[in-house]
Amino acid sequence: MTKKVKSIFFVISLLVMTAIFFAGCSNANVNESKSALEKIKESGKIVLGTSPDYPPYEFEKEIDGKNTIVGFDIEIAKEIAKDLGVELEIKSMEFAGLLGSLKTNKIDFVMAGMTPDPERAKEVDFSTIYYNAEHGLVINKKDIDKYKEVSDLKGKIIGVQQGAIQEDIAKEQIESPQIKALGKVSDLMLELKTGKVDAVVVEQPVASSYVKNNDDLYLTNILFKDEEGGSAVAVNKGNEDLVEAINKTIERLIEENKIDEYVILANEMMSNE
Ligand code: ARG
């Protein structure tokens, strides 16, 4: 072979290899470029992660002999799935594990009365806020005269949920609290009843719901402010189309006054346990 022919061969094989390489790349891109929303629609289901210890947002109730997760977050999640034309699957877990499960794609979205605080917003994307609430304080009924204002809580043992923003709220708004963080709000209420914690900080509607179902507990008038507060849906970063679809459903539900309706319904479901 002459030198010239050799170099022509070399150039041709180089071109072929480059073509194969790029073909491979673009194939991979086709798969990767499928958005979460497209994948959800293809699979025919969307998986919700929630922590059902937070009535009326989400809680467990026996319906027809079956343990079922209900609450106003769940009603909203059902509407999101309906608008997407897919089935809703619900995975229950502790609140502190929700964002990890989202990031490892075990779930597609989180609804758990989750506050879209700036720290979390670095990790995940949030929908618009669909519900607003302040934070309330639950104590034992026998302590009514002991805890009348925030200053009475100085140095006390304050129960908060692990991974929840109430820990920061308690640290910022109560003087030198002893924080006790547990995975489940229901366990916090047990600790309160057995005197292992002095008071529990949770979203006010949740506080009110636990108190309604526990004669020994009392909801104080003490409220903790939270400027960036409210609940939003969390999805993995970079899923603009999914956030947009979820926002559309939220907008529709707000317009139709459905969210207030779901809150009332959830409260009713709680009281006729
Ligand atoms: N709003 C608080 C937060 O985002 C508490 C939410 C707790 N939710 C639950 N389902 N237990 O940190």
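In what follows, residues are counted from 1 in the order of the sequence shown. No hydrogens, no waters, no symmetry mates; every other heavy atom, side chains included, goes into these values. One-based numbering, in listed order, for ligands and for the atoms of each.
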(message) Looking only at the aromatic ring of each residue, does the gap between the centers of Y54 and F95 stay below 6.0 angstrom?
(response) no
(message) Salt bridge or not between K146 and D198? Use side-chain N to carboxylate O under 4.0 Å.
(response) no
(request) Applying side-chain hydrogen bond (donor to acceptor under 3.5 Å, both in side chains) between D73 and each of Y57, Y130, Y131, report the one that passes. (result) Y130
(request) May I ask you to say whether K237 pairs ionically with D125, meaning some side-chain N is under 4.0 Å from a carboxylate O? (result) yes
(message) Going by ring-ring contact (aromatic ring centres under 6.0 Å, His included), name the residues that satisfy it together with F224, two or more places apart in sequence or in a different chain.
(response) none
(message) Other residues, nucleotides and ligands only: do more than 12 of their heavy atoms fall within 6.0 Å of CD on E87?
(response) no
(message) I'd like the contact residues of ligand 1, where contact means a heavy atom below 4.0 Å.
(response) S51, D53, Y54, E58, F95, A112, G113, M114, T115, R120, Q161, A164, I165, Q166, E203
